[in-house]
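Before any comments, here is the structure.
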Amino acid sequence: MDEIVVGIDVGTTKVCTLVGRVESEKTARIIGVGIEPSEGIRKGVIVDLAAATQAITHSVERAEQTSGLEITSALVSLAGAHVSSVNSRGAVAIPGGVIDGSDVMRALDQARAVAIPHDREIIHVIQRGFTVDGQEGIRQPIGMHGYRLEVEAHIITAAAATADNLRQCVSAAGVEIQNFVLNPLASAEVVLTEQERQMGVAVCDIGGGTTDLAIYVDGNVWHTMVLAVGGNHITQDIAHGLRLPVTQAEEVKKQQGHAVRAEIGAEEYFSIRPFGEDYPVRINRQDLAHIIEERTAEMFSLIMQEIKRSGYDGLLPAGMVLTGGTSALPGIKRVANEVLGMPVRTAQPENLVGLVDRLNSPAYATSVGLLQWALTMQEHDLSSGRARKVRRAKGEKNMNLDGIKDWIKRLLP
Ligand SMILES: Nc1ncnc2c1ncn2[C@@H]1O[C@H](COP(=O)(O)OP(=O)(O)OP(=O)(O)O)[C@@H](O)[C@H]1O
Ligand SMILES: [Mg+2]
């Protein structure tokens, strides 16, 4: 029996639907790809239901054509400034004196019982660590002896109405949402190494309209956040600064852009012909780099502020891993390194199998990450681990990944 996983990354600039055939616990062969320009989505949030529905529908249809399968349900990426997160603790007594999976679940249920306003929806409940009888720093409590289990959980919530709008668009495209996955968590699945997660690392996916950040410490998610800035802001600045239409500013950014002015020669010029003009305009590349550098540096100082605000005051020894379309900007690594004062590397999906021509680019980290998420069923994310079904295509039996037995098995070493 073939097992199929499907992810839909609803980004600000593109919608990307991927269909994967599970080949092993860690790999899915990509058999369907549908990449379409986004419409009706701004800063990761739907602002025009009809336009967004159409873009999502086109993307899904294209992935159906390439895979030859009908897509009925999928994991869907979620971002936007409406996403927020809180840390919470849950504590339970262990009647039998030995901790089992249901105790962990009860503790997590306690943790998620924090007062969440009715206009917000819980997207993820992620375990950050356990305490057994006052002993902190327990990673895996199942099987341990103890009388009191505490869990520290990271709870990610979204504005319920905004999530409902996305649900409506995806459902109008004929697809049921199995689970939302927060953008940076999906991206982290493909760009972070286990060693980096253990050491302490931040993943930063800079797309068109959002910058998605997740911090990992001791192998677990420590903090997540979504900032409403991205590559589109750089484009806007270029459009204003050089008085160009936005579409041309975007071209200029991709063809000539550089984030470090000092790396561009003073005599480097390029010509463009703005729409509606009969004459070409000569532009100094240093001027362009100056505009980009200012905005990029500002973005990273905002990111640094957020990292400090997350309450994590230790070092991130593995630094930051940059991904997302904007990470393809030449020089961005240097700016990030200078502003953040930590090691920075850029990353994109690697070692893909199947229809991968366009996917080996940082812009597809979230898209590929959704498939990876479906595969690995992150053991620390019990909210989706319990409910997630990763079966997509009609006419094929559901893969039975939900149910307590399965996730307990995953929790056991
Ligand atoms: N070579 C490049 N240089 C600079 N910017 C680039 C380059 N290639 C792509 N970009 C920028 O990347 C952005 C798109 O990235 P991506 O596809 O990751 O965004 P998205 O997922 O659609 O949006 P979001 O995640 O913010 O909702 C655009 O702003 C685009 O201009
Ligand atoms: Mg994105």
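As the structure lists them, so they are numbered: ligands from 1, and atoms in each ligand from 1.
Here's the thing with G44: none of its N/O atoms is less than 3.5 angstrom from an N/O atom of ligand 1. Polar contact with ligand 1: absent for K254 (N/O pair, distance under 3.5 Å). The shortest N/O to N/O separation between T13 and ligand 1 falls below 3.5 Å. Ligand 1 has no N or O atom lying under 3.5 Å from any N or O atom of D9, backbone or side chain. Residue contacts with ligand 1: G209 is placed with a nitrogen or oxygen under 3.5 Å of a nitrogen or oxygen of the ligand (distance criterion only). Between D205 and ligand 1, no N or O atom pair is found at a separation short of 3.5 Å. For ligand 1, one of its N or O atoms has an N or O atom of G208 under 3.5 Å away.
Those atoms of ligand 1 with a heavy atom of A363 less than 4.0 angstrom away are 17 (O), 18 (O). In the vicinity of G231, heavy-atom distances shorter than 4.0 Å reach the ligand 1 atoms 29 (O).
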task: Tell me, with the steps shown, if E293 and R334 meet salt bridge (Lys or Arg N to Asp or Glu O under 4.0 Å).
output: CA-CA 10 Å; E293 184 169 348; R334 178 166 158 190; over 6 Å; no
query: Are T17 and S59 close enough, and set up right, to give a side chain to side chain donor-acceptor pair (under 3.5 Å), and what steps lead you there?
result: CA-CA 6 Å; T17 304; S59 163; 2.6 Å; yes
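For the side chain to side chain donor-acceptor pair (under 3.5 Å) with N87, the qualifying choice from E152, H154, H223 is H154, the only one to do so.
At the top of the distance list for atom 10 (N) of ligand 1, counting protein heavy atoms only, stands G325 O, 3.4 Å. Of the protein's non-hydrogen atoms, L329 CA, 3.7 Å is the one closest to atom 3 (N) of ligand 1. Looking only at protein heavy atoms, the nearest one to atom 21 (O) of ligand 1 is K14 NZ, 2.9 Å.
Ligand 1 lies nowhere less than 4.0 angstrom from a heavy atom belonging to G230. In this structure, G324 counts as a contact residue of ligand 1, since one of its heavy atoms falls inside 4.0 Å of the ligand.
Atom CD of E136 has 12 or fewer neighbouring heavy atoms from other residues, nucleotides or ligands inside a 6.0 Å radius.
In summary, the side chains of K253 and T235 do present a donor paired with an acceptor at a separation below 3.5 Å, with no hydrogens or angles considered. Defined by atom type and a distance below 3.5 Å, a donor-acceptor pair is missing between the side-chain atoms of Q65 and E61. With hydrogens and angles left out, the side-chain atoms of S84 and R120 include a donor and acceptor closer than 3.5 Å. Side-chain polar atoms of S77 and D9 form a donor-acceptor pair below 3.5 angstrom. Using a 3.5 Å distance cut-off with no hydrogens or angles, the side chains of S187 and D212 do not pair a donor with an acceptor.
When heavy-atom distances to ligand 1 are checked against a 4.0 Å cut-off, E250 comes that close only through its side chain, counted from C-beta outward.
Atom 29 (O) of ligand 1 has its nearest heavy-atom neighbour, among K43, R42, K253, in K253. Closest to atom 13 (C) of ligand 1 by heavy atom, among T326, I332, T12, I35, is T326. When T366, T210, I292, N232 are ranked by how near their heavy atoms come to atom 25 (O) of ligand 1, first place goes to T210.
Ion pair D109/R106 not flagged as a salt bridge, since none of the NZ, NE, NH1 or NH2 atoms sits closer than 4.0 Å to an Asp/Glu carboxylate oxygen. Taking 4.0 Å as the cut-off between side-chain N and carboxylate O, R345 and E196 count as a salt-bridged pair.
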